[in-house]
Amino acid sequence: MTNSNKPVFFWEGGYSINDIENFKVDNKIWKICDLYKDQLEELFEINNPDLEKDENYTRKINEFIEQKGQGNWVYFPWNGVFLHILNKEDYFKLRTNRNKNLIKESEQNKLYESTIGVVGLSVGSHVITNLVYSGIGGKMKLADFDKMDTTNLNRLRAAVSDVGEEKTNIIARQIYELDPYANLSLYKEGLNKANLASFFNEDRPDIIFEAIDDFEMKILLRLEARKKGVPVVMLTNLGDRLLIDIERYDKNKDLEFFNGLLGNIEEEILGKNLSREEKNRLAVKLVGRENVPHRALESVAEIGRSLVGRPQLASTVSVSGGMGAYIARKLILDGDLQGGRRIVKFNDLLMFDKKNNNFSENKTAEQRLADSIGVDIEIKQMKVNGYDINYIEAGEGEPLLLIHGGNIGWGFWHENIEKLAKKFKIVALDMPGGGRSSKMNLYDLRLEEDLVLTVENFIMNKFNGPISIMGASIGGWVTLKLALRGEVLLNKIILVDALGFTDYMAFRDRIISLKPLAKIVSRTFLKPTRENKRVEKFLKDVFYNKNINIRKEFIDYFYETMITSHNLIFISRLSNLWGVRREFILKDHLGNIKNDTLIIWGQEDKLMPIEKNAQNFGLLQNSRVFYMRRTGHIPSIESPESFNNKVLEFFKG
């Protein structure tokens, strides 16, 4: 009779009553919905909102109905529904009336006149639905080769009776049931090399929403979009995060794919027969590892093992649909929407500030750093020895406590937490005076009481059994002191460029032990500001590689530490004019430490040179040493891959 995925129309002025009755006899009609008169009444109401209380309202509305024609009849073959409704123009006006005046009538018409292409109908199906509800895209080009699986029902708007049906058919029927007059072109084989040209040339799309897994087709689509000047929007669902990529090829036909975030990625893809592992690697590279939540990242590795596909949540997919409609509206009406990448993290939108009893509008630099790491991190606080101790937890397994260097805070370990959290229950604290823990009087620094005993009590409050500790610089000294005191149960310990082996300190650091000089320098040419590179320069001063790329989130985090407690003043308190303060010198006691110990040291550490410290490494009874080439005082940041591998290797032995 006709295509079962398209409505059958009886157009106003082209049919008789007998035509309608004969059609009812010849076809399966499960439901007749004669909405025409009710819709005419609604149409009169929206055209005349000021007449509702007019005493002649009933007469006027009846006259309006009598003047109108016979309306259109529409039959949906897939469900047997037979509708009597308004003509296309009046139906559109009625259906979009509640958009006024959020969308002006002239704007609404422009939106409906647009042509929208959607490639991939999983995430794309929610985009389409929102577009249709919004009256955007009177013409649509939909491409997907896949059929509906039961597992798709966790996020796609469909019925269990749709399982096994082509996704294009399911979505087309949904669109027609919202807008019977929609103009749809269905690409049931999906987008491929054979139909790519027609997808662009016949009713060229004004916007393309791309949500497919085929990497080669992603590139080929963008090649054509760039040539034709069509913007491409990609909405990627990452657990409870939404990644938005807008590529304005309509503004710049020389624009690199994916806004240049991945370089010449087409060279890795085109003409290559990619393995599953390569596809998974590219998928992570495409969205950026730092944007993928820990659980989602783990899931990628399990595809083809314990999972058949990438997990997605209906809540996130639904948000992407609404965002897609908004983006389409901005691109069509304003045209000034900037291209690029944005990420929406649901948790950040609902961060609750317990102190102020409201939802926080702006994330702290600490939270932004935590978000950038790629593993689920929980930020907590604990009251210890009168100090508010800030700390984080991540991962599961054997407990490993991380104690930072300087007064940087737990962010000192930002390049290590993700890798180590796969094996350990990571707890990284901010010592008093560091990070977001309570500040100390740096001019009256009580090393044993303020640092060692506070960390010791933190451990006793936090852990029920033995733990391992990794401490860097002054955090290494605290680790040694804890081992010597013997009040907490320790397994293995790792010392990273640690204080405690010698009294040596470089002259430039000894000279700032003079309190007035440290204050002057920290408030003048080393005063931290957001507008220049002083914070980054201060960090890199202890690196061997001055060209190292430090992630921006850590620089911002470090800045917030420095403005409340300048690192220069902290360093000045560790020394005197003759070297390291006497409390730090532990070489006469190191032989009492029996724990299995790994010493990691940067070979180019100028702050605490190897040649001044290595002579005492052997005093520890069960120690091994790993010298890290071409790194300075903070090898955990400067060479994180090698550092992380050595730590994991130590725990295997």
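What you see is a predicted model; the values in this text were computed from it and never measured.
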Can you give me the closest heavy-atom contact between [X] and [Y], atom names plus distance?
| X | Y | value |
| --- | --- | --- |
| V375 | A421 | CG2-CB, 4.1 Å |
| S468 | E398 | OG-OE2, 3.4 Å |
| A394 | I377 | CB-CG1, 4.0 Å |
| V452 | V478 | CA-CG1, 4.4 Å |
| T454 | V384 | O-CG1, 3.3 Å |
| A370 | I379 | CB-CD1, 4.5 Å |

Counting C-beta onward and ignoring hydrogens, is there a side-chain heavy-atom pair between [X] and [Y] closer than 4.5 Å?
| X | Y | answer |
| --- | --- | --- |
| D497 | I634 | no |
| N385 | E449 | no |
| L235 | I327 | yes |
| V427 | F463 | yes |
| L453 | E456 | yes |
| L648 | L420 | yes |
| I494 | T597 | no |
| I467 | V488 | no |

Distance-only polar pair, side chains of [X] and [Y], donor-acceptor under 3.5 Å:
| X | Y | result |
| --- | --- | --- |
| T316 | R241 | no |
| N622 | D596 | no |
| D605 | Y544 | no |

Q) So, D388 and K383, do they make that salt bridge, N to O below 4.0 Å? A)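 A salt bridge links D388 with K383.
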
(Q) Cation-pi check for F626 against K646: NZ or CZ below 6.0 Å from the six-membered ring centre and within 45 degrees of the axis, yes or no? (A) yes

Q) Can a cation-pi geometry be assigned to K587 and F501, taking NZ or CZ under 6.0 Å from the six-membered ring centre and within 45° of the ring axis? A)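 No, K587 does not sit over the ring of F501.
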
Separation of [Y] [atom2] from [X] [atom1] (nearest 0.5 Å):
| X | Y | atom1 | atom2 | value |
| --- | --- | --- | --- | --- |
| I593 | I493 | CD1 | CD1 | 5.5 Å |
| N595 | L620 | CG | CG | 9.5 Å |
| S315 | N154 | OG | CG | 10.0 Å |
| L489 | M460 | CG | CE | 8.5 Å |

Q: Verify whether the ring centers belonging to Y557 and W410 lie closer than 6.0 Å.
A: yes

Q: Could you tell me which residues satisfy side chain to side chain donor-acceptor pair (under 3.5 Å) with Q615, sequence neighbours excluded, listed by chain and number?
A: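 Not a single residue meets the side chain to side chain donor-acceptor pair (under 3.5 Å) criterion with Q615.
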
Q) Considering residues at least two apart in sequence or located in another chain, which fulfil the side chain to side chain donor-acceptor pair (under 3.5 Å) criterion with H404? A)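 H404: no side chain to side chain donor-acceptor pair (under 3.5 Å) contacts found.
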
Partner set under ring pair (Phe, Tyr, Trp, His ring centres under 6.0 Å) for [X], not counting sequence neighbours:
| X | result |
| --- | --- |
| H414 | F554 |
| W413 | none |
| F643 | none |

Q. side-chain hydrogen bond (donor to acceptor under 3.5 Å, both in side chains) between N645 and E649: does it pass, once the steps are laid out?
A. CA-CA 6 Å; N645 289 339; E649 178 186 312; over 6 Å; no

(Q) Pair L495, L480 - check side chain to side chain contact (heavy atoms under 4.5 Å, CB included), show working. (A) CA-CA 8 Å; L495 307 170; L480 288 170; 3.6 Å; yes

Q.
What verdict does the salt bridge (charged side-chain N to carboxylate O under 4.0 Å, His left out) test give for R630 and E604, after you've listed the backbone C-alpha separation in whole Å, the side-chain angles of each residue and the deciding distance to 0.1 Å?
A. CA-CA 6 Å; R630 302 179 65 81; E604 306 297 334; over 6 Å; no

Q. Q603 and R629: side-chain hydrogen bond (donor to acceptor under 3.5 Å, both in side chains), yes or no, with the steps?
A. CA-CA 5 Å; Q603 279 192 330; R629 299 175 62 249; 4.7 Å; no

Q | With sequence neighbours excluded, residues passing side chain to side chain contact (heavy atoms under 4.5 Å, CB included) with Y326 | A |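 Per chain and number, Y326 pairs via side chain to side chain contact (heavy atoms under 4.5 Å, CB included) with M323, R329, K330.
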
